[in-house]
Amino acid sequence: MAKITKTARRLYLVDGSGYLFRAYFAMARSRQGLTRKSDGLPVGAVLGFSNMLNKLLTDMQDEHDPTHLAVIFDHSSKTFRNDIYTEYKGNRPDAPEDLIPQFPLVREATRAFNVPCIETEGYEADDIIATYARKAEADGDEVVIISSDKDLMQLVSDNISMFDPMKNKRIGREEVIEKFGLPPENVVDIQALAGDSSDNVPGVPGIGIKTAAQLIEEYGDLETLLERASEIKQNKRRENLIEFADQARISKKLVELCADVPLDDGLDSLALRSIDLDLLMPFLEKMEFNQLIERIKRDFGDDRSLVAEGSTMTGAAGEQEYETIFDEAALQKWIDAAYVRGVIAVDTETNSLNAMRASLVGISMATQPGQACYIPLGHGGDGLALDDEDAAKQIPLEKAISLLKPMLEDPAVLKIGQNMKYDALILSRYGVNIAPFDDTMLISYALDCGRGGHGMDELAKRHLDYDTIKFSDIAGTGKKAKTFDQIHIKEAAKYAAEDADITLRLYQVLKPRLAAEGKTTVYETLERPLAPIIVGMEREGVKVDRSVLSALSSDFAQRMAASEAEAYELAGEAFKLGSPKQIAEILFGKLDMPGGRKTAKGAWSTNAEVLEELAAAGHDLPRVILEWRSLSKLKSTYTDALPEDIHPDTGRIHTSYSLAATTTGRLSSNDPNLQNIPIRTEDGRKIRTAFVHEKGNVLVAADYSQIELRLLAHIADLKSMKQAFADGIDIHAMTASEMFGVPVKDMDPMVRRRAKAINFGIIYGISAFGLANQLGISRGEAKDYIDAYFKKFPGIRHYMDETIAFAKSHGYVETIFGRRTYVGGINEKNPAMRGYSERQAINAPIQGAAADVIRRAMIRMPQALQDAGLGAKMLLQVHDELIFECAKGEAKKVCDLVSKIMIGAPQPAVTLSVPLVVDARPGSNWGEAH
DNA sequence: TGCTTCACG
DNA sequence: GACGTACGTGAAGCAC
């Protein structure tokens, strides 16, 4: 018998009624309600239910492996809640006619799968679930509730999570906070205030989930809030809270689940039982679920009991064999194993997150799940006192590198890593060019973009249901956090080896999905090959002239001091110019200026838009504050901060690009962010002159002109816009001309500006409100513009409608290159959230396609430059722009070649129906080249 | 740590 | 008509 050790239970509680309803409506939408062939009995929901149950019982290598399982149903009678409030669920329409016969059938299905089927008179399924869940939790068990019902979210805790079987999505604490704004323990109070129209829970009028969350956050709990309701500032809200206080208390009783339902069956009686084919098959045959019958026969064979086999993750936790390596012979054994297997997971440990500054501290490797090693190389180095006798036994770093290098560079051995860009850069600084490699983070990004993060801890939890050792667990946090070289080798080894182990396991789960889900091309052409290219760029860095920055800092400091003095004078007192709170007090309190808008949290907004309005109305202080702010921003974020990032050895700044940070496929830049270096103001632009080149070189900047609008014209098939691009006409002027019927020649710049704003708005998923805000016009006027636009470019409407419809039915959108982004919330009831998702859905294929195009260009660039005999180096990417450094003499050739590669980047995967245009020019600094 | 603000495409 | 918005980022300073 395998190791069914004395482990805690993993109790799965299926919300049977909830699932049935959702399966019914999902089926009804997709195939008009499946019926039994022989007599037309409606069985669609029963099939969905049976499939779900089968998946739970047999998908062992998937994320589920219950040890205990039960399906809970509502009992079809009044519950105790009707005694509290007669109207409870009083507005529920009767069940659809073709669902009614399926109620008894799902109970039959449950029993056929040999699963306990539980219901109790007088209680809802939710109460029974609550009772079992709390009981199991108290026993130290893990509980998974199969449901997406928000009424159950109050139960979520460290040991209790939910799983939405339709969306295949886990619902934990994070997701509850996402939905309610506060953690599970506050959910009851929020629901009591907000009420629920579908259950006919009254709540307090005028309060929705968002407001409720704010109130509970502020006052702690419902009772405190109701007692102190008189303090509420908003009149209507205060009155309602006072008037409807008792209604809120009743609502609370309605939404609060009862966790002491009398139970007939104890937890142990819910232990998972084997599927009994003699029990199951007759039922499935009766239902005529032929596909499911085939699948179960195939999966099950005749005498195989899946339940008796134990589970993968139990094996994982119990079967770790981690070796710490102190001698060359042992290391050689692992290297040999890598050659034998042809695949090995690799992870480096260092003393810093900054790959250009980090020193190698150790390397871990895994050859099979559960079998991993750690090679400590730099613990206790640099004379740091590390009370660890193991440190003396470490293999010398150079020796280990020389043994590992041939394997790490051997094309016959595939290396697997998580965020391998980091490890590859570290290793390259030690003379090892690791290749070829696969990256679980990038695979996850290709598969699940938009579904959550792609960090290892998160992936381990999501795909392996495994809690990794957190770095902070062994290193601590805050100021006294240790670096990896200061951690004792015994402890470090467990952490490091686990990382390699988990990476390998993740690879085994994720890699097959690429082919299965049609994302191999995306991964192989847009993700995987980019990583080594970025390594090259990061290592190259960009030269920055410290003296330019320090001169600017001095200039800004002087002018800030002047602004500061003037501001104090105007305010009649000194105050913190950096504090929005104090600014609001002075402007809207002391000086009594009209304070227009508030921030999300209800404070007076003092952002540039507000201050500019006040300045335009003739007030001096807001204008001075704006000047100070702008200088302060430039100084603290750029001229003061950037010199810190100049590498002591290279004299250059080496940013780090995140390859899997955005939901659209764009890169992001951090530490420092070189994608937001100022350009829009004159002062800001001066900062760009600090980005320079080595002697004898120049910088070359090449950017795509209007790439997103061109891609939109292609994707949405906008005939007149495509024609304009083909003819090389100023696209914003052309838009204005089409919309307002004015000639392009001698156009009023204001008119063109409006058209430009609309063009941008379209890309963002336009709304009248947003456009009105952008242009400072009324909402009605903005709406007229949008309508005019839709009329002139009918393809737009179509594209938007189609894209939203696609997102609604699939849950994701894709670029023309196949990059997929999952868009959550597109079927959300809340119109604001839905609107947000819809705009995401519209924008992602456009922004994403542009990101795909420049990725393709970047991937080809180094080889193309080399093939052309050019020594130019690609340094930076800023979404639609690439920056290079090359010898002065080859600048012209570089401009031409770079433009050619960028323009041809979509080919051969996609042939655009609009031309791409690239502007490339040399300069002695970034400001000049741009 | 969360909020606000602001730099970029 | 709800509900709060233009899409996508990262970083700094303040206030808790």
Side-chain angles (χ1 to χ4, degrees), chain A residues 197 206 208-211 217 450 477-478 576-584 597-611 625-626 629-638 640-642 645 655-658 661-681 683-685 687-688 703-704 706-708 712 757-758 760-775 779 782 786 821 823 828-848 850-851 854 876-881 930:
Chain A
S197 55
I209 286 183
K210 221 170 160 167
T211 313
E217 180 151 45
T477 55
K576 266 206 162 63
L577 274 159
S579 163
K581 198 179 160 198
Q582 293 188 32
I583 290 175
R597 311 212 330 260
K598 282 148 280 162
T599 66
K601 222 199 112 205
W604 292 112
S605 174
T606 68
N607 67 24
E609 202 188 326
V610 171
L611 296 188
I625 294 171
L626 280 169
R629 270 222 189 124
S630 145
L631 293 166
S632 166
K633 175 79 175 184
L634 296 179
K635 184 167 182 287
S636 67
T637 308
Y638 302 103
D640 284 354
L642 286 174
D645 293 312
T655 184
S656 173
Y657 289 98
S658 300
T662 72
T663 53
T664 56
R666 274 192 179 179
L667 307 184
S668 81
S669 156
N670 58 273
D671 194 22
N673 183 354
L674 294 186
Q675 290 181 322
N676 71 348
I677 301 302
I679 191 167
R680 292 172 188 172
T681 66
D683 276 328
R685 213 156 28 232
I687 293 167
R688 294 205 167 206
D703 67 292
Y704 284 106
Q706 309 286 3
I707 187 167
E708 290 191 355
L712 172 67
I758 300 173
F760 272 100
I762 294 289
I763 290 170
Y764 297 152
I766 200 149
S767 73
F769 192 100
L771 183 63
N773 200 33
Q774 180 67 33
L775 285 178
R779 220 165 131 178
I786 295 169
T821 293
V823 181
E828 188 51 61
K829 275 203 304 271
N830 181 322
M833 287 178 62
R834 192 176 61 243
Y836 175 58
S837 299
E838 289 174 353
R839 292 193 296 274
Q840 276 186 318
I842 289 167
N843 176 258
I846 305 169
Q847 191 182 114
I854 199 165
L876 302 173
Q877 189 251 41
V878 192
H879 309 310
D880 64 356
E881 176 186 17
H930 191 279

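Labels below follow one simple rule: chain letters A, B, ... track the order of the sequence lines, proteins then strands, and each chain is numbered from 1.
Side-chain N/O atoms of Gln840(A) and base N/O atoms of dC7(C) include no donor-acceptor pair closer than 3.5 Å. A donor-acceptor contact under 3.5 angstrom links the side-chain atoms of Ser767(A) to the base of dT5(C). Under 3.5 Å, the side chain of Lys581(A) and the base of dC14(C) form no donor-acceptor pair of N or O atoms.
If you check every strand for non-hydrogen atoms under 4.0 Å, Ala608(A) touches sugar and phosphate atoms only. Across all strands, Ser632(A) comes closer than 4.0 Å to no nucleic acid atom at all (heavy-atom distances). Here Tyr638(A) lies in heavy-atom contact (under 4.0 Å) with sugar-phosphate atoms only. Within the 4.0 angstrom heavy-atom criterion, only backbone atoms of the sugar-phosphate kind lie near Ile677(A); the bases stay farther away. Counting any heavy atom pair closer than 4.0 Å across all strands shown, Glu881(A) reaches no nucleic acid atom. At a threshold of 4.0 angstrom between heavy atoms, the contacts of Asn673(A) are confined to the sugar-phosphate backbone, with no base atom among them. Backbone-only engagement by Arg629(A) is indicated by non-hydrogen atom pairs under 4.0 Å involving sugar-phosphate atoms exclusively. Counting any heavy atom pair closer than 4.0 Å across all strands shown, Lys633(A) reaches a base atom.
Residues passing the salt bridge (charged side-chain N to carboxylate O under 4.0 Å, His left out) test with Arg688(A), sequence neighbours excluded: none. Shown here are the side-chain hydrogen bond (donor to acceptor under 3.5 Å, both in side chains) partners of Asn607(A), two or more places apart in sequence or in another chain: Ser605(A). Applying the salt bridge (charged side-chain N to carboxylate O under 4.0 Å, His left out) criterion to Glu609(A), with sequence neighbours excluded, gives Arg597(A). With sequence neighbours left out, the salt bridge (charged side-chain N to carboxylate O under 4.0 Å, His left out) criterion links Lys635(A) to Asp640(A). Listed by chain and number, the residues in a side-chain hydrogen bond (donor to acceptor under 3.5 Å, both in side chains) with Ser658(A) are Asn670(A) (sequence neighbours excluded). Evaluation of the side-chain hydrogen bond (donor to acceptor under 3.5 Å, both in side chains) rule for Gln840(A) yields no partner, not counting sequence neighbours. With sequence neighbours excluded, no residue forms a side-chain hydrogen bond (donor to acceptor under 3.5 Å, both in side chains) with Thr821(A). Taking Asp683(A) as the reference, Arg559(A), Lys686(A) meet the salt bridge (charged side-chain N to carboxylate O under 4.0 Å, His left out) condition, with sequence neighbours excluded.
Using atom P as the reference point in both dA2(C) and dT5(B), the two lie 27 Å apart (nearest Å). Nucleotides dC6(B) and dA6(C) have their P atoms positioned 14 Å apart, rounded to a whole Å. Straight-line distance between the P atoms of dC3(B) and dG4(C): roughly 16 Å, to the nearest whole Å.
At a cut-off of 3.5 Å, with distance as the only test, no side-chain donor of Gln675(A) or Ser669(A) sits close to an acceptor on the other residue.
Of the residues in residues 661-668 of chain A, Ala661(A), Thr662(A), Thr663(A), Thr664(A), Arg666(A), Ser668(A) come within less than 4.0 Å of DNA chain C through at least one heavy atom, sorted by number.
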Between the protein and nucleotides 1-4 of chain C, which nitrogen or oxygen pairs are less than 3.5 angstrom apart?
unit_1 : atom_1 : unit_2    : atom_2 : d
dC3(C) : O2     : Ala832(A) : N      : 3.4

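Following rounding to the nearest Å, Ile679(A) (CD1) and dC6(B) (C1') show an atom-to-atom distance of 16 Å. At whole-Å resolution of the value, CG in Leu876(A) and C1' in dG9(B) are 14 Å apart.
Across the interface with DNA chain C, nearest-nucleotide mapping of Pro672(A) and Gly578(A) shows Pro672(A) to be the residue nearer the 5′ end.
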Side-chain donor-acceptor pairs under 3.5 Å in residues 762-775 of chain A, sequence neighbours left out?
unit_1    : atom_1 : unit_2    : atom_2 : d
Ser767(A) : OG     : Gly770(A) : N      : 3.0

Notebook entry, point to check: Can you give the dot-bracket line for DNA chain C, where a pair is Watson-Crick or G-U wobble with both atom distances under 3.5 Å, crossing pairs use [ ], and | marks a partner on another strand?
Noted result: ......|||||||||.

